Amino acid sequence: MEARMRAWNRAKLLWGYLARRSTLNALPVEYIVETTAKCNLYCPMCPRETHKQPKADMADGVFERLVREAGDSAEHMMLIGLGEPFMDPAIFRRIEFCHRHSISTLLSTNGTFLDEKLAARVLDSPLEQITLSFDGARKETFEYYRKGAKFEKVRDNFVRFAKLKHERGSKLQVVVQMVRMEGNASEVDEFLRFWSNLEGVDQVRIKEDETNLMRPDAGHAAEDWKHPCHYLWRGPMYVKQNGDVYPCCQSYMLDGAPLGNLERDSLIGIWNGQAMEGMRRLHAGGRAGEIDICSRCCTTIPHPALVAGSLLLDGRTVRRLLPMVERLTYLSKLPRRLLRPPARVGGKQPRTQAPIEK
């Protein structure tokens, strides 16, 4: 029954996307949920360095309301944001709560807390996917981008975790990820060689930097908005620690206003509110560049064929296939137009980037 309801929800979203409707009779497939705003590292590419964050966790009432209101349609929740998930004392209770509502969960960690005891607890939980963030193949590079973390300690934590997962025969999907930036781009091959040969690692992902901090003049050119952004029809929506809801994670980082707050507003009321409908109308009309936050956004825009595919498949499957699609596209085995990166840097076309792996 739940599978049919969610498939029907995706069908309605797909029709709304293809028909360019501004009001949707369905809810997002995915959510990014910031269960804590606390973090123990300083990372120059992280928006928390320009947006001061409280040392606070999401209230149980806000989290539980989100899950209950989204429960019949939500398929996947990423319990991440501008905080380190393992600093949230309720993180395992939240994972379990999603599991009871048949919602798969993912989180991403900087690895500083992932000792043997925590690793065992993660593997005992119903968490379905974990991203191990490791932004460099060499000590100097890693510790530049992850200030406050020690290269050897985090690497050893991740290696031990992967081996323990393999030994247990756990089905948890383990993704090791590097965000490619100017300072670590030359280390991609070395990074791939090391982590691809480690038992227990299911995928190695090289992700493009989607923040503006390291490239403040980046954004999309007008011609990039031939197709509307999938976030506005499919999600994931971004829910901040205090209950504020944004159309996407980028909108918060670019100083966009929240669409509402789960303390006082219903999820469907936010999803089909005046602000969200207005954004969808401009995107549907090819005028997304008129929206300030969209014009400065660094997120890659997927081709409608990929958006349609992401609504034909369930959210769990899409999340697992994403790194593979990115890899094939950047390797030029799939057309580059399927994933269109920002096309303007300081008003000029950016230099052509090398493929992310060979």
Side-chain angles (χ1 to χ4, degrees), residues 1-3 5-6 8-10 12-13 16 23-38 51 53-108 125-129 231-253 256-277 279-280 314-316 319:
M1 177 63 75
E2 287 177 340
M5 292 178 67
R6 287 170 176 159
W8 178 234
N9 181 73
R10 293 199 309 273
K12 290 188 288 185
L13 289 175
T23 302
L24 302 172
N25 187 27
L27 283 169
V29 174
E30 294 184 328
Y31 297 82
I32 296 173
V33 188
E34 184 184 89
T35 71
T36 184
K38 298 181 296 189
H51 295 69
Q53 301 296 306
K55 295 180 179 180
D57 306 313
M58 178 176 283
D60 287 345
V62 171
F63 183 80
E64 290 172 10
R65 177 175 183 178
L66 170 64
V67 172
R68 288 193 177 102
E69 291 194 17
D72 291 337
S73 53
E75 300 181 8
H76 194 71
M77 286 194 177
M78 291 163 272
L79 307 182
I80 55 178
L82 297 185
E84 163 57 40
F86 290 128
M87 293 189 76
D88 175 10
I91 189 63
F92 289 102
R93 189 169 71 242
R94 302 187 201 274
I95 292 168
E96 182 63 39
F97 192 76
C98 287
H99 180 67
R100 292 202 304 269
H101 287 78
S102 301
I103 299 172
S104 69
T105 48
L106 168 151
L107 61 76
S108 175
S125 78
L127 183 72
E128 294 196 17
Q129 186 172 339
Y231 282 105
L232 303 180
W233 278 265
R234 182 189 181 278
M237 288 188 83
Y238 182 40
V239 185
K240 282 287 292 175
Q241 163 270 326
N242 64 355
D244 282 345
V245 180
Y246 294 82
C248 64
C249 56
Q250 298 295 321
S251 58
Y252 170 78
M253 300 171 192
L259 304 172
N261 186 285
L262 289 175
E263 293 268 23
R264 61 176 184 273
D265 304 309
S266 70
L267 186 59
I268 189 64
I270 295 172
W271 182 238
N272 278 323
Q274 183 177 0
M276 196 71 166
E277 288 187 350
M279 292 181 72
R280 288 193 190 107
D314 65 87
R316 178 188 293 108
R319 186 54 48 184

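A quick note: this is a predicted structure, and the numbers were derived from the prediction, not measured.
Residue Met77 is tested with Leu66, Ile32, Leu106, Leu107 for a side-chain contact (heavy atoms from CB on, under 4.5 Å); the sole match is Leu66.
The two residues Pro85 and Ile80 have their closest heavy-atom pair at CG-CG2, 4.3 Å. Residues Gly16 and Trp233 share a closest heavy-atom pair of O-NE1, 3.2 Å. Of all heavy-atom pairs between Ser251 and Tyr246, the closest is OG-CB, 3.2 Å. Residues Asp265 and Gly260 share a closest heavy-atom pair of OD2-CA, 3.3 Å. When all heavy atoms of Phe92 and Ser125 are compared, the closest pair comes out as CD2-CB, 4.0 Å. Annotation for Asp60 and Arg93: closest pair OD2-NH2, 2.9 Å, computed over non-hydrogen atoms.
Listed for the Arg6 side chain is no donor-acceptor partner under 3.5 Å among the backbone atoms of Glu75. Of the possible polar contacts, one joining the Asn9 side chain to the Leu27 backbone as a donor-acceptor pair under 3.5 Å is found. A donor-acceptor pair under 3.5 Å is formed between the side chain of Asn261 and the backbone N or O of Asn242. Distance alone, capped at 3.5 Å, places no donor-acceptor pair between the Gln241 side chain and the Ala37 backbone. Side-chain atoms of Glu34 come within 3.5 Å of backbone atoms of Leu82 as a donor-acceptor pair (strictly under, hydrogens ignored). The backbone N or O of Thr36 lies less than 3.5 Å from no partner atom in the side chain of Asp57, so there is not a single donor-acceptor pair. Side chain of Lys12 to backbone of Ala26: no donor-acceptor contact under 3.5 angstrom is found.
Atom CD1 of Ile95 sits about 4.5 Å away from atom CG of Leu127, to the nearest 0.5 Å. We find the CZ-OG distance between Phe86 and Ser108 to be 9.5 Å, quoted to the nearest 0.5 Å. Distance CE/Met78 to CD/Gln129: 9.5 Å, rounded to 0.5 Å. For the atom pair CH2 of Trp271 and CZ of Arg280, the computed distance is 5.0 Å after rounding to the nearest 0.5 Å. Atom CG of Asp72 sits about 9.0 Å away from atom NE2 of His101, to the nearest 0.5 Å. With values rounded to the nearest 0.5 angstrom, Ile270 atom CD1 is found 7.0 Å from Leu259 atom CG.
Taking the six-membered ring where the residue is Trp, Tyr252 and His51 present tilted rings, their angle falling between 30° and 60°.
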**Request:** List the steps, then state whether side chain to side chain contact (heavy atoms under 4.5 Å, CB included) holds for Gln274 with Glu277.
**Result:** CA-CA 5 Å; Gln274 183 177 0; Glu277 288 187 350; 5.8 Å; no
**Request:** Tell me, with the steps shown, if Asp88 and Phe63 meet side chain to side chain contact (heavy atoms under 4.5 Å, CB included).
**Result:** CA-CA 13 Å; Asp88 175 10; Phe63 183 80; over 6 Å; no
**Message:** Please determine whether side chain to side chain contact (heavy atoms under 4.5 Å, CB included) holds for the pair Met87 and Lys55, giving the CA-CA distance in whole Å, both sets of side-chain angles, and the decisive distance to 0.1 Å.
**Reply:** CA-CA 10 Å; Met87 293 189 76; Lys55 295 180 179 180; over 6 Å; no
**Item:** Audit row: Arg65, Ser266, side chain to side chain contact (heavy atoms under 4.5 Å, CB included) steps and yes/no
**Value:** CA-CA 9 Å; Arg65 177 175 183 178; Ser266 70; 4.1 Å; yes
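Between Glu96 and Pro126 the shortest side-chain heavy-atom distance falls below 4.5 Å. Contact of the Tyr238 side chain with the Pro247 side chain is not registered, since no non-hydrogen atoms from C-beta on lie closer than 4.5 Å. Proximity of Val29 to His76: side-chain heavy atoms (C-beta onward) are nowhere separated by under 4.5 Å.
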